[in-house]
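Note that the coordinates shown come from a computational prediction; the quantities given were computed from them, not determined experimentally.
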Amino acid sequence: MNAVLPGAFADALARHGDRVAVTDADTSLSYAELADRARAAAARLAPHGAAGGRLRIGFYAANSTDYVVGYLAALFAGAVPFLADSAFGPFELARIAEDCGLDLLVHAPDADVEQVTEQVPERIPGAGGFAGGGFGSLTVSRVRRFDTPAPPLLPDTEVCRFTSGSTGRPNCIEFSGSAVLAAARNWVEGTGLSAEDRIACLAALSNGLAFNTSLLAAFLPGASLHLSRGLPTASRIVRLLESTGATRLVAFPALYESIVRRSSTGGFAGVRAAISSGAPLRDSVRAEFTRLTGVPIHNYYGVAEAGPLTFAADGTGTGLGTPLPGVEVIADEEGLRVRSESMGSRYLNAPGVFEARVDDEGRYRTGDQGHLLDDVLHLTGRTGRMVNVGGRKIDPIEIAEVLRKAAGVLDVVAFEAEGRHGDPVLAAVLAVEAGPTVQSLRAHCAALLPSFKVPSVFHLVDRIPVNSIGKPSVERLRRLLAEARNN
């Protein structure tokens with residue numbers, strides 16, 4: 001079937017010509033310049049098409065104008081981009097490459113990709129610096145061949161993104177072009193995004209928060225997208241806002257909490273709306289942020305598998321807002337179930353897992369609990385075991401399995417706990433023999449997991465406390481951590 005996204009992007013790039021499309025600290029591209037660079041890069045990709053199928057290109061890099069060029073180039077070349085979190089470690093990247101049958105990998109030159117790619121000196125000729133701009137600072141490498149056959153893609157799949165899931169590895173979500181386009185159109189309509197908006201995006205484009213609100217959604221009306229590199233410190237944010245005259249700020253709750261802790265107020269004069277998602281933002285933080293900056297925070301609720309779902313248009317009340325166009329939200333004793341025009345199709349590398357979470361009416365079971373009050377969504381908890389830390393969902397069973405492989409570890413429970421500032425963190429309580437230390441266990445995790453999956457809190461005990469039926473008592477574990485923190 002005919003691809004949807006190449007035409008949607010080509011139309012937007014043509015309509016908005018000389019307007020600023022995307023910038024980072026080093027580069028600014030108009031819509032016309034972005035189109036030229038993307039097509040030049042696409043021409044270089046085309047000869048590397050996969051035998052018997054579409055080219056599968058993994059993206060493993062931080063936000064930049066070159067990332068956006070590469071993403072569009074992949075679409076224009078008829079390839080399928082696989083957007084991986086740049087925080088993934090070599091172990092997870094190798095799993096993704098094998099599970100999904102990647103052909104090429106777009107990455108920073110200094111990225112640790114040797115487990116995944118062919119010998120680094122044999123990168124694709126000309127790929128790391130395409131004529132006419134191309135990928136610029138990014139490198140394109142061939143992915144080494146694995147024994148596992150590549151799973152077939154659905155005919156209408158145009159983009160793949162990843163989420164941590166119950167399989168203990170990143171689940172690869174297939175999205176049709178129609179779903180990606182619907183997510184962008186409904187976000188533009190539901191939030192009033194216009195050509196006059198300048199979006200300062202501090203979330204990774206591989207994450208749903210940025211992907212759905214700040215990529216195609218920005219380009220459809222002719223807005224400009226401004227990307228930041230490096231750790232989003234308060235001073236870096238202020239510089240970005242001041243240099244771009246941003247009208248919208250897109251970031252995770254942790255960033256807003258940081259601004260409140262540091263009482264940072266500079267750079268917000270032109271910002272009309274700040275958008276938060278990934279994890280519930282505490283009402284006290286939202287109120288203090290608005291008091292300091294004068295900018296309302298608009299909560300947004302979405303799940304990786306179903307796209308953007310709700311938006312708080314007024315930015316003043318509690319809750320996560322009302323459903324966006326094309327979205328249905330059901331809240332009952334089964335938890336939140338949603339149906340949207342932007343839903344993914346399935347997990348490429350976990351057959352049947354996605355489908356099992358869809359009910360007979362086509363609604364996806366999110367794993368969240370909540371209720372609708374005057375059509376406004378309020379979350380109250382989780383129906384499943386996934387931990388949401390800083391906008392990334394983490395399977396605690398996966399973390400426990402990794403820690404059990406460390407010498408001297410007898411048992412492990414990983415779970416969500418409260419950090420020093422009241423924010424959710426990943427904690428691990430371990431029953432150990434003599435030998436393991438917090439430092440050695442942290443190093444063990446860092447060698448096998450991406451940084452965001454390494455527990456923030458480790459606590460060592462002789463025996464894991466259990467409840468009356470012999471299961472670990474998370475309530476008692478949380479009490480142990482609170483006592484340790486207060487001592």
Side-chain angles (χ1 to χ4, degrees), residues 179 182-194 197 199-203 207-215 217-218 220-221 223 247-257 271-291 293-332 335-343 363-382 388 390-391 393 424:
R185 283 177 171 167
N186 291 337
W187 180 258
V188 170
E189 178 185 347
T191 69
L193 184 62
S194 75
D197 276 307
I199 304 167
C201 181
L202 279 299
N207 185 279
L209 172 59
F211 182 80
N212 291 318
T213 72
S214 307
L215 193 50
L220 288 178
T247 61
R248 286 193 180 195
L249 173 61
V250 175
F252 290 118
L255 184 141
Y256 298 113
E257 291 167 358
V271 179
R272 296 196 296 267
I275 296 164
S276 174
S277 183
L281 181 67
R282 288 176 291 159
D283 290 337
S284 59
V285 172
R286 186 177 62 179
E288 181 63 9
F289 176 89
T290 301
R291 188 189 71 79
T293 66
V295 179
I297 292 181
H298 299 259
N299 281 331
Y300 146 72
Y301 173 69
V303 295
E305 293 83 355
L309 298 170
T310 69
F311 179 71
D314 60 10
T316 57
T318 60
L320 297 177
T322 57
L324 288 162
V327 172
E328 176 190 17
V329 177
I330 302 294
D332 56 24
L336 291 183
R337 290 171 292 142
V338 300
R339 182 165 50 198
S340 72
E341 296 175 353
S342 53
M343 281 181 63
R363 303 186 187 100
Y364 180 79
R365 299 180 180 91
T366 67
D368 288 319
Q369 290 179 316
H371 61 270
L372 292 167
L373 180 63
D374 295 329
D375 212 27
V376 174
L377 176 63
H378 297 260
L379 293 186
T380 57
R382 294 283 297 168
N388 193 331
K393 295 189 174 85

Could you list the residues that satisfy side-chain hydrogen bond (donor to acceptor under 3.5 Å, both in side chains) with [X], not counting sequence neighbours?
{"X": "Asp374", "answer": "none"}
{"X": "Asn212", "answer": "none"}
{"X": "Ser340", "answer": "Ser342"}
{"X": "Thr290", "answer": "none"}

Would you compute the distance between atom [atom1] of [X] and atom [atom2] of [Y] and round it to the nearest 0.5 angstrom?
{"X": "Arg248", "Y": "Arg272", "atom1": "CZ", "atom2": "CZ", "value": "8.0 Å"}
{"X": "Leu320", "Y": "Tyr300", "atom1": "CG", "atom2": "OH", "value": "11.5 Å"}
{"X": "Phe252", "Y": "Leu209", "atom1": "CZ", "atom2": "CG", "value": "5.0 Å"}
{"X": "Ile199", "Y": "Leu193", "atom1": "CD1", "atom2": "CG", "value": "5.0 Å"}
{"X": "Arg185", "Y": "Leu220", "atom1": "CZ", "atom2": "CG", "value": "7.0 Å"}

Looking at [X] and [Y], what are the two nearest heavy atoms and their distance?
{"X": "Pro221", "Y": "Ala218", "answer": "CD-O, 3.3 Å"}
{"X": "Ala331", "Y": "Leu336", "answer": "CB-CD2, 3.4 Å"}
{"X": "Asn186", "Y": "Leu324", "answer": "O-CD2, 4.2 Å"}
{"X": "Ala274", "Y": "Phe289", "answer": "CB-CE2, 4.1 Å"}
{"X": "Glu288", "Y": "Arg291", "answer": "OE2-NH2, 2.7 Å"}

Taking Thr322 for the side chain and Asp375 for the main chain, is one N or O donor matched with an acceptor at less than 3.5 Å?
no

Looking at residues at least two apart in the chain, or sitting in another chain, which of them share a salt bridge (Lys or Arg N to Asp or Glu O under 4.0 Å) with Glu341?
none

Taking only residues two or more places apart in sequence, or in another chain, which ones meet Asp283 in a salt bridge (Lys or Arg N to Asp or Glu O under 4.0 Å)?
Arg286

Using the side-chain contact (heavy atoms from CB on, under 4.5 Å) criterion, which residues pair with [X]? Sequence neighbours excluded.
{"X": "Ala210", "answer": "Cys201, Ala203, Leu205"}
{"X": "Ala251", "answer": "Leu202, Leu255, Tyr256"}
{"X": "Ser194", "answer": "Glu196, Asp197"}
{"X": "Ile330", "answer": "Glu328, Asp332, Arg337, Arg363"}

Are Tyr301 and Val327 packed together at the side-chain level, in the sense that at least one heavy-atom pair is separated by less than 4.5 angstrom?
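No; the side chains remain at least 4.5 Å from each other.
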
Ring pair (Phe, Tyr, Trp, His ring centres under 6.0 Å) partners of Phe311, counting only residues at least two apart:
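Counting only residues at least two positions away or on another chain, Phe311 forms a ring pair (Phe, Tyr, Trp, His ring centres under 6.0 Å) with Trp187, His298.
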
